[in-house]
Amino acid sequence: MGSRKERPLLQAADLKFRRRLAWIGAGIVAVLPLLIAPGILGWVSSSGPQFEIYKLVLQFILITVGGGVFLALVGHFRDVAVQKQGRAAAIQELNRELDTAYRALKKVKRRLCAHRQEAPDPAEAGTAGADAAASGIPRAVFEKAMDDLLEAQIRLETICDHIGQRNDILRGHRLERMQGPLRYASRYYHDVYEDFEKGRAVLEGDRYLLAHAFNLTDYLRSSRDPPAPRPGAVDDRLGTLKDERLSCQARSAALEELVAASPRDASAGDGGSGKLRYADVAGACFGLLSAELAEVRASLLS
C-alpha cells in the first residue's frame with residue numbers, strides 16, 4: 001500500500017503513563033545493584049538467619065516491584081487494545097453513516113428515473129435523442145424528490161463535517177487526504193439541488209424539463225443516455241479513482257488531477273473553483289472514502 005500503516009493515536013494519558021514507567025524502570029535498574037551487592041560482595045554471610053532475611057527482603061522487593069510493573073504493563077496494553085477496538089467501532093459507524101447517505105441519494109435518483117417521461121416532441125429532444133435532458137418529470141414527484149435530495153445532501157454535509165473533526169480516531173495526514181473526496185461528493189449534490197433552486201429545471205405544465213439543468217441531467221444519466229461531454233483526461237483519472245487495486249493515496253492524487261482537468265462551470269456563482277462536477281466521480285468518492293476508513297479499521301484490528 002502507498003500509505004503508511006495506521007498506528008494508534010497516543011493520548012496525553014498514554015504519554016504520561018510511559019514516562020512514569022520509564023522512570024520506574026530506571027529506578028529499578030539503579031537500585032538493583034545496591035540490592036544484589038551485599039550478597040555478591042559478601043557483606044552478608046551466606047549462612048545464618050541474616051542471609052535468609054536478606055533473601056526474603058530481596059525476593060519481596062523484586063516480586064513486589066517487578067510484579068507491579070508487569071501488572072501495569074498488562075493493564076496498559078489491555079487499555080490500548082480496548083481503545084483500538086473502540087476506534088475501530090467508531091470508524092465502522094462513520095462508514096455506515098456514509099453508506100446510509102449514499103443509499104438515500106441513490107433512492108432519490110431511482111425514484112426520479114422511474115417517473116421520467118420521454119419528450120413527446122422529437123424536435124425537443126434534438127440530435128442527442130430522448131435523453132435525460134430532453135425528458136420531463138411530473139411536478140409532484142420532482143418537487144418531493146428535491147425535498148428528499150436536500151435532506152440527504154444536508155445529512156451528507158453533516159457527516160463530512162463530523163469526519164473532518166475525528167482527529168481522535170484518524171491521523172492528521174489521513175484526515176487531510178480525505179478532505180478532497182468529502183468536499184467533492186458534498187458539493188456535487190449541492191450543485192444538483194441548486195439546479196432546482198435556481199430555476200434551471202423549467203416547469204412546463206405539470207412537469208419539469210431538465211434541458212438547461214446540467215447537474216440534474218448528469219445525476220439522472222443512465223447507460224441508455226449519451227455519455228456526459230467532458231475532457232478525456234477526466235475519464236482517464238476517473239478510471240484510476242475507481243481502481244480498488246490501487247492505494248488510497250494514488251486514488252486521491254487521481255481525484256486532484258481530475259478536478260484540475262475538469263472544465264469550468266460558466267453558470268457557477270458560488271465564488272469557489274467554478275469547476276463542473278460529475279455524478280460518477282461523486283460516486284467514486286464514496287468508494288474512496290469507504291476504502292480509507294476500511295484501511296484504518298483493518299490496521300487497528302491487526
Side-chain angles (χ1 to χ4, degrees), residues 2-3 91 93-106 108-109 149-198 214-216 218-219 228 230-231 233-244 246-296:
S3 60
I91 290 290
E93 181 59 28
L94 288 178
N95 204 1
R96 189 180 296 112
E97 290 178 12
L98 275 176
D99 183 68
T100 299
Y102 183 56
R103 289 179 183 276
L105 293 162
K106 285 185 66 176
V108 173
K109 173 181 177 177
L149 176 65
L150 177 60
E151 181 180 348
Q153 191 271 328
I154 292 176
R155 188 185 308 124
L156 176 60
E157 284 187 352
T158 302
I159 295 171
C160 292
D161 291 341
H162 185 203
I163 291 177
Q165 298 169 358
R166 294 311 303 266
N167 57 1
D168 58 326
I169 57 176
L170 296 168
R171 290 176 64 90
H173 76 276
R174 178 87 61 172
L175 277 175
E176 183 178 353
R177 195 169 66 211
M178 291 174 67
Q179 293 306 307
L182 284 170
R183 283 195 300 267
Y184 194 103
S186 177
R187 188 65 204 184
Y188 171 74
Y189 292 104
H190 175 276
D191 293 346
V192 173
Y193 182 79
E194 198 172 61
D195 275 1
F196 170 67
E197 186 179 41
K198 294 192 173 181
F214 171 85
N215 298 300
L216 273 165
D218 184 60
Y219 177 52
R230 59 194 183 194
V234 171
D235 288 322
D236 291 341
R237 301 302 185 277
L238 178 58
T240 303
L241 176 61
K242 289 181 174 180
D243 193 342
E244 297 181 356
L246 299 177
S247 69
C248 293
Q249 186 175 359
R251 295 167 69 183
S252 294
L255 176 62
E256 293 180 5
E257 295 170 359
L258 185 153
V259 172
S262 298
R264 297 186 64 84
D265 182 3
S267 64
D270 56 7
S273 64
K275 295 283 189 176
L276 288 175
R277 302 174 182 86
Y278 305 95
D280 45 3
V281 178
C285 285
F286 277 97
L288 174 55
L289 290 168
S290 181
E292 291 272 19
L293 294 174
E295 189 174 284
V296 177

task: Would you mind listing every salt bridge (Lys or Arg N to Asp or Glu O under 4.0 Å) that reaches into residues 234-243, with sequence neighbours excluded?
output: Arg230-Asp235, Arg237-Glu257, Asp243-Arg245
Which heavy atom of [X] sits nearest a heavy atom of [Y], and at what distance?
{"X": "Ser186", "Y": "Cys160", "result": "CB-SG, 4.1 Å"}
{"X": "Leu255", "Y": "Gly180", "result": "CD2-C, 3.7 Å"}
{"X": "Ser262", "Y": "Lys275", "result": "O-NZ, 2.9 Å"}

- request: Identify, with sequence neighbours excluded, every residue that meets side chain to side chain donor-acceptor pair (under 3.5 Å) alongside Tyr188.
  value: Asp218
message: Ser290: which residues meet the side chain to side chain donor-acceptor pair (under 3.5 Å) condition with it, sequence neighbours left out?
response: Asn95
Contacts of [X] that satisfy side-chain contact (heavy atoms from CB on, under 4.5 Å) - sequence neighbours left out:
{"X": "Glu176", "answer": "none"}
{"X": "Leu94", "answer": "Glu97, His162, Ile163, Arg166, Ile169, Leu293"}
{"X": "Phe286", "answer": "Leu98, Tyr102, Leu105, Leu156, Ala185, Tyr189"}
{"X": "Glu256", "answer": "none"}

At what distance, to the nearest 0.5 angstrom, does [atom1] of [X] lie from [atom2] of [Y]?
{"X": "Ile91", "Y": "Glu295", "atom1": "CD1", "atom2": "CD", "answer": "11.0 Å"}
{"X": "Gln249", "Y": "Arg177", "atom1": "CD", "atom2": "CZ", "answer": "5.5 Å"}
{"X": "His190", "Y": "Asn215", "atom1": "NE2", "atom2": "CG", "answer": "10.5 Å"}
{"X": "Met178", "Y": "Arg183", "atom1": "CE", "atom2": "CZ", "answer": "12.0 Å"}

query: Heavy atoms, side chains only, cut-off 4.5 Å: are Pro181 and Glu292 in contact?
result: no
task: Kindly indicate whether the side chain of Leu149, heavy atoms from C-beta on, has any atom under 4.5 Å from the side chain of Tyr219.
output: yes
Sole residue of Leu288, Val259, Leu289, Leu241 in side-chain contact (heavy atoms from CB on, under 4.5 Å) with Tyr184: Val259
- request: Measure from the side-chain N and O atoms of Gln179 to the backbone N and O of Leu175, and report whether any donor-acceptor pair falls under 3.5 Å.
  value: yes
- line: Across all chains, not counting sequence neighbours, the salt bridge (Lys or Arg N to Asp or Glu O under 4.0 Å) partners of Asp99 are Arg103
field: Listed partners of Glu93 passing salt bridge (Lys or Arg N to Asp or Glu O under 4.0 Å), at least two apart
entry: Arg96
